[in-house]
Amino acid sequence: MLSEYYDDPSFGRKPPIAETIMVEYSSPNTNKPLHLGHLRNNFLGWSIAEILKANGYNVVKTCVVNDRGIHICKSMLAWIKFGNGATPQSTGIKGDHLVGDYYVMFENELRTQAEPIMQQLLKGDSNLLTGEEKIKAQQLWKKLQELPAGGEKGQEINNELRELARYNTPLMREVREMLLKWEEHDPATIELWKKMNGWVYEGFDITYRRIGVDFDKIYYESETYLLGKKYVEEGLKKGIFFRKEDGSIWVDLSKDGLDEKLLLRKDGTSVYITQDLGLIRLKYEDFHPDQSIYVIGDEQNYHMKALKLIAMKLDLPKAAGIYHLGYGMVELPGGKMKSREGTVVDADDLVDEMIIEARKKSAEQGKIEGFTEDELNQLYEVIGLGGLKFFLLKVDPKKRMVFNPEESIDLHGFTATFIQYAYARISSILRKEYPANEKSIIPSEPMPSVIPSEPLLLLEKELILLLEQFTTMIEQSAREHDPSVIANYAFRIAQTFNSFYSKHSVSNAETPGKKQLRLRICLMTSHVIKSAMGLLGIQVPQRM
RNA sequence: GGUCCCGUAGCUCAGUUGGAUAGAGCGGCAGCCUUCUAAGCUGUAGGCCAUUGGUUCGAAUCCAAUCGGGAUCACCA
């Protein structure tokens, strides 16, 4: 094994096969900047795509941007009301953040407007409401009177009342009007929508580039949200779906353990799942994927299960190849992230912080001699960003995880830095042995094939056995859709190498044969580390 | 209430196609830099694998129940 692959940077990867897999991930809304949860999604999606490529698949990375709907209208309305013509240029604020700021302003204003209505409702006075809502509010209020205060049920009703209050504010009325205008292609509304979305995309681009994430194809919901209706008609004809008295169209999934699911509103407009069905077809026409992986939070398990079932019932192409990679929420040590409490960790801020921290810690280490300013900046980027990616990818995607800021910037233990450090040490050895090849670290002349006469030492053997497993790991991580398999593996390699390194010398090996053997082990280890980390989207430095 | 996921060391996590003394990292304690980078290495303490019952020669792993945590069940997306 060693003599065959020691100098093969692509060791572990498989030859291409004629099978296409689409990986959909990231899929942001355009009313808010990216946050910590999105980072887990992005890193996961990107890494899974790489892992599948390493298994020989043809991979198409896609992103479905949710660029339309009431949420973006909220930002637009707040901008009209409070913006005074502010732009990213005039304020110096990154586009996605600027738009996000107006979204927050909208929510604040909404709360202010809803409060007096809520107070009225709580007094049992629902005269501010009309029709069905008035009746509903009265019913809710009566129920509330019968319940003990502070109970869970009471809280629920309270929330429903609050929803009613919010819904009936002038602000919500305005924003709904705006959405209607958008749907009627009102030129001014569309223009503003395009402008503000444009700002968001500029902002997203910067973030994506920075975190090293990209896509082969981007779909916009504004272009796809009307798709899928004809499949509903089709399903209706085939008798898979049914129509209720009010005209809405449903599918009964109770035989499959789910409930009835709405597919088309009574007014004939589509819902989330309708456009998803359309998108399946569109994706198929564009790329003919054999499998389609959706990287979406596990709170959508139910939705994705329903989507797949319906697609199978409709006999959409490759419906059986739909796979939902549902990942758990990222929580903070104090609990969930809540925008209301301002505990949302912004993606851009977090990346900045990680890099600053990398700089600080490097200075503490006192290891910055002999680097140019550019090299240092690049190194901090590699360490900071790598640390963040590794932290989010090292745990099983399916599980909820706790993001501890202090732990995430740690450079010791089960971290990217630990592995990067091992790589830098190997590079240092190889640099010394092959000074002419500092850049490539690959010797220009093949090493003489020396069959070691001495038996392998324990750590040499361990390391070789571990290296041999790389192919298996790549297979396993793809099969389980789990980059943490690779992260764990890379760590074990680095760990074993560090032990080996401190116990046995390479350049001053006991015999020339041993030296050749160890050089090969080193070379191969460095290739495997670089390759494994590459699958996670993490770079490794020659020196650090 | 129905469905689904989770519960392993003080903390964060591996291990779950059943197999030998349950593994890492952090944190604690004790050591190691005149030899290839100490962002490292070595040693040590710390666990009734939520609980109870079952299947089995054998269970952290499979089954059931219970307790605790979470998600979801919208004419929202």
Side-chain angles (χ1 to χ4, degrees), chain A residues 27 29 31 64 66 68-72 163 221 225 244 246-250 253-254 256-276 296-306 326 328-329 331 333 335-336 358 361-362 364-367 369-370 383 387 391 394-396 398-404 406-408 410-433 459 484-485 487-489 491-492 494-495 497-509 515 518-519 522 541-544:
Chain A
S27 303
N29 289 1
N31 63 326
V64 179
N66 186 0
R68 50 143 236 126
I70 198 92
H71 51 83
I72 179 70
E163 238 355 274
E221 285 200 6
Y225 79 110
K244 288 196 175 175
D246 64 2
S248 55
I249 297 177
W250 296 72
L253 298 174
S254 54
D256 304 288
L258 305 182
D259 299 321
E260 290 180 352
K261 186 102 185 159
L262 177 84
L263 294 170
L264 220 52
R265 296 192 186 99
K266 63 186 168 198
D267 61 7
T269 55
S270 36
V271 290
Y272 190 32
I273 203 154
T274 327
Q275 65 176 296
D276 272 352
I296 303 178
D298 64 4
E299 68 271 14
Q300 296 207 33
N301 278 351
Y302 183 87
H303 170 83
M304 289 306 297
K305 216 167 155 185
M329 200 170 285
E331 290 173 15
K336 286 182 206 166
K361 300 248 166 135
S362 297
E364 277 170 29
Q365 294 290 335
K367 288 198 174 183
E369 284 166 44
I383 294 175
F391 191 86
K394 72 181 179 182
V395 301
D396 185 340
K398 290 191 293 293
K399 293 196 180 172
R400 265 181 293 150
M401 69 175 294
V402 176
F403 183 85
N404 185 331
E406 277 168 39
E407 219 174 285
S408 70
D410 204 340
L411 308 178
H412 307 278
F414 189 17
T415 63
T417 315
F418 180 93
I419 300 166
Q420 289 166 329
Y421 183 62
Y423 183 83
R425 282 172 134 185
I426 301 174
S427 302
S428 170
I429 295 175
L430 296 172
R431 211 161 35 232
K432 288 216 167 80
E433 291 301 320
L459 281 166
S484 78
V485 170
N488 276 287
Y489 173 72
F491 177 65
R492 256 185 300 149
Q495 216 178 13
F497 176 80
N498 278 337
S499 298
F500 163 80
Y501 177 93
S502 64
K503 200 158 181 186
H504 308 296
S505 174
V506 176
S507 24
N508 298 319
K515 181 168 175 176
R518 286 181 189 161
L519 277 172
C522 284
Q542 296 287 324
R543 295 187 296 154
M544 66 187 281

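Quick note on labels: first sequence line is chain A, next is B, and so on, each numbered from 1. Quantities reported herein were computed from a predicted structural model and do not represent experimental measurements.
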Assign B/C26 to syn or anti; the rule is syn for a glycosidic angle within 90° of 0 and anti otherwise.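 The base of B/C26 is oriented anti (glycosidic angle more than 90° from 0).
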Within the modelled atom types, does a donor on one side and an acceptor on the other bring the side chain of A/Ser502 and the base of B/C41 under 3.5 Å apart?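 By the distance-only test, no, there is no pair.
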Between A/Tyr272 and A/Lys503, name the one whose nearest nucleotide on RNA chain B is closer to the 5' end.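 That would be A/Lys503.
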If you assign each of A/Lys394 and A/Ser428 to its closest nucleotide in RNA chain B, which residue comes earlier from the 5' end?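 This one resolves to A/Lys394.
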When you check the phosphate oxygens OP1 and OP2 of B/A14, does a side-chain N or O of A/Lys399 lie under 4.0 Å from one of them?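 Yes.
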Is any side-chain N or O of A/Arg492 closer than 4.0 Å to OP1 or OP2 of B/G23?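 No, because none of the side-chain N or O atoms of A/Arg492 sits under 4.0 Å from OP1 or OP2 of B/G23.
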By the 4.0 Å heavy-atom rule, please label [X] as base, sugar-phosphate, or nothing.
X        : value
A/Asp259 : sugar-phosphate
A/Ile383 : base
A/Glu433 : nothing
A/Tyr501 : base
A/Met544 : base
A/Ser499 : sugar-phosphate
A/Gln495 : sugar-phosphate
A/Val506 : base

Distance in angstrom units between [X] [atom1] and [N] [atom2], rounded:
X        : N     : atom1 : atom2 : value
A/Glu331 : B/C5  : CD    : P     : 18 Å
A/Arg543 : B/C36 : CZ    : C1'   : 15 Å
A/Tyr302 : B/G2  : OH    : P     : 15 Å
A/Asn29  : B/C76 : CG    : P     : 16 Å
A/Phe414 : B/G15 : CZ    : C1'   : 12 Å
A/Asn301 : B/G2  : CG    : C1'   : 16 Å

Cationic tip of A/Arg68 within the cone over A/Tyr225's six-membered ring, i.e. under 6.0 Å and within 45° of the normal?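 Pair A/Arg68/A/Tyr225 counts as cation-pi.
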Distance to the ring centre below 6.0 angstrom and angle to the axis at most 45 degrees; does that hold for A/Lys394 and A/Phe414?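 The answer is yes, since A/Lys394 meets both limits relative to A/Phe414.
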Grab the stems for RNA chain B, please: at least three consecutive Watson-Crick or wobble pairs, both distances below 3.5 Å, written as range with range.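 Stem segments, range with range: B:1-7 with B:67-73, B:10-13 with B:23-26, B:28-32 with B:40-44, B:50-54 with B:62-66.
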Considering only atom P, compute the distance from B/A30 to B/C49 and round it to an integer number of Å.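 To the nearest whole Å, 30 Å.
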Is a donor from one side chain sitting under 3.5 angstrom from an acceptor on the other, for A/Arg431 and A/Ser427?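 No donor-acceptor contact under 3.5 Å links the two side chains.
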Does the side chain of A/Asp259 come within less than 4.5 Å of A/Tyr302's, by heavy atoms?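 Of all side-chain heavy-atom pairs linking A/Asp259 with A/Tyr302, at least one is under 4.5 Å.
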Basic-acidic side-chain contact under 4.0 Å: A/Asp267, A/Arg265: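 No.
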